[in-house]
Colleague: 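One structure, as C-alpha cells, below. Some questions next.
Everything numeric here is computed off the predicted structure, so don't read it as measured data.
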Amino acid sequence: MPKAKGKSRRHKYSYNLNRKRLYRSARRRAAPRIACSHIRHAWDPRKSVAQNLAEMGLAEDPNKAVPIPKKLLGMEVESDGQQPRKKLVRKPYVVNEMEMEASLPEKKSNTLSRDLIDYVRYMIQNHGENYKEMARDEKNYYQDTPKQIKRKINVYKNFYPEEYKNFIASLKPEKMEVQ
C-alpha cells in the first residue's frame, strides 16, 4: 500500500519567526482573571487596575494602604501637619457585599465517600476491633494493612461521631442475642 504524499516530507523550521513576540502579545491582550464575582461585576475594562480598585474602595498595594508607623520602627518623625486625603469611593456596595459574604458561617464541606462509610461499617460489624482479621477479609479489595484500616475507622469516627456512637450502640444488642 503506498504512503500518503505529505507524511514522508520533512517539515522545515522557520528561523525568521519570532515566537516570543507572538506569545507575549497574545498574553498581553488577555483580560485579568478576577475570582470574586462582586469585583467582576463592578469591573470596568476601560480603566486601569488601580482606578478600578480605588473606585471600589479596595487597596492596590497593601503596604501603602496600611503603612507601618515610624514609631514601631524605632524612628520618631515629626509630622508636617498634612493629613492624608480621603479617597472617593464610587462603588461602596462591592466592599459591603464582600464583608457580608465573609461574615457568613462556613459550610462544613469535609465528608467521606459512601463507599468508605459502607466499608468501615462492614468491617466493624463483622470483626469488631480486630484489625488483623479485617486485613485478611475478602472485602478488603485494596489490600489495606491493619494500620491503614484503623486509620480509616478513626477518620470515620472523627467525621461522624454521633453516627458512629449510634452504630456501635446498635451492634451491642446483636452480640448479646448471639451469645
Side-chain angles (χ1 to χ4, degrees), residues 4-121 142 144-145 147-165:
K5 281 186 178 180
K7 294 292 179 186
S8 62
R9 187 174 42 212
R10 185 175 176 269
H11 296 286
K12 292 183 179 179
Y13 181 78
S14 178
Y15 290 98
N16 297 328
L17 185 63
N18 187 353
R19 287 171 180 76
K20 281 186 179 178
R21 195 183 82 227
L22 287 173
Y23 173 71
R24 195 178 306 131
S25 63
R27 211 177 61 205
R28 193 179 308 130
R29 276 183 250 127
R33 177 101 171 98
I34 303 168
C36 180
S37 64
H38 307 298
I39 296 174
R40 191 179 307 121
H41 292 302
W43 195 266
D44 187 2
R46 292 169 292 201
K47 296 182 179 175
S48 70
V49 174
Q51 289 171 337
N52 271 310
L53 292 176
E55 279 187 354
M56 293 178 213
L58 301 172
E60 178 192 18
D61 185 8
N63 295 322
K64 291 179 183 174
V66 185
I68 299 171
K70 299 288 184 181
K71 290 179 182 177
L72 292 178
L73 295 175
M75 298 180 286
E76 292 192 24
V77 179
E78 295 178 19
S79 62
D80 56 354
Q82 293 181 356
Q83 292 181 351
R85 294 183 293 143
K86 279 205 161 189
K87 294 181 180 177
L88 180 66
V89 180
R90 294 185 181 162
K91 300 175 184 176
Y93 61 90
V94 175
V95 175
N96 295 338
E97 289 173 355
M98 289 173 67
E99 285 176 352
M100 205 163 69
E101 187 178 310
S103 68
L104 293 174
E106 188 177 324
K107 291 181 181 176
K108 197 171 185 182
S109 62
N110 43 354
T111 58
L112 297 177
S113 68
R114 190 75 233 161
D115 293 337
L116 182 65
I117 293 170
D118 293 340
Y119 171 77
V120 168
R121 288 175 143 235
Y142 297 111
D144 293 329
T145 63
K147 278 191 174 183
Q148 289 172 324
I149 295 172
K150 184 176 182 180
R151 204 173 302 128
K152 286 181 180 181
I153 291 172
N154 287 335
V155 166
Y156 175 69
K157 284 179 190 178
N158 293 336
F159 273 68
Y160 304 104
E162 293 297 320
E163 189 177 316
Y164 177 76
K165 287 176 187 173

Colleague: Looking only at heavy atoms, which two atoms of W43 and L53 are closest? And how far apart?
Modeller: CZ3-CD2, 4.3 Å
Colleague: Once you round to the nearest 0.5 Å, how far does CD1 of I149 lie from NZ of K147?
Modeller: 13.5 Å
Colleague: Give, for atom NZ of K150 and atom CG of D144, the distance between the pair rounded to the nearest 0.5 Å.
Modeller: 15.0 Å
Colleague: Please evaluate residues Y160 and V120 with respect to the criterion side chain to side chain contact (heavy atoms under 4.5 Å, CB included), reporting the C-alpha separation (whole Å), side-chain torsions for both, the decisive distance (0.1 Å), and the verdict.
Modeller: CA-CA 12 Å; Y160 304 104; V120 168; over 6 Å; no
Colleague: For T111 and F159, work out which heavy atoms get closest and say how close.
Modeller: N-CE2, 3.9 Å
Colleague: State, to 0.1 Å, how close L112 and Y156 come at their nearest heavy-atom pair, and which atoms those are.
Modeller: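 Of all heavy-atom pairs spanning L112 and Y156, the closest is CD1-CA, 3.8 Å.
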Colleague: Decide if atom NZ of K165 counts as having more than 12 heavy atoms of other residues, nucleotides or ligands within a radius under 6.0 Å.
Modeller: no
Colleague: Going by the angle between their ring planes, with limits at 30° and 60°, are Y15 and Y13 parallel, tilted or perpendicular?
Modeller: perpendicular
Colleague: Can you confirm whether R90 is buried at CZ, in the sense that more than 12 heavy atoms of other residues, nucleotides or ligands lie under 6.0 Å from that atom?
Modeller: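 Atom CZ in R90 is not crowded, with 12 or fewer foreign heavy atoms closer than 6.0 Å.
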Colleague: Got Y119 and I153 here, is their nearest side-chain heavy-atom distance under 4.5 Å?
Modeller: no
Colleague: Hey, can you pull the donor-acceptor pairs under 3.5 Å for the side chains in residues 92-100, sequence neighbours left out?
Modeller:
residue : atom : partner : partner atom : Å
N96     : ND2  : P92     : O            : 3.3
E97     : OE1  : H38     : ND1          : 2.9

Colleague: Heavy atoms only: give me the nearest E60-A50 pair and the separation to one decimal.
Modeller: OE1-CB, 3.3 Å
Colleague: Would you name the heavy atoms of L116 and K152 that are closest together and state the gap between them?
Modeller: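 Taking L116 first and K152 second, the nearest heavy atoms are CD1-CD, 3.7 Å.
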Colleague: Which heavy atom of V89 sits nearest a heavy atom of E55, and at what distance?
Modeller: CG1-O, 3.5 Å
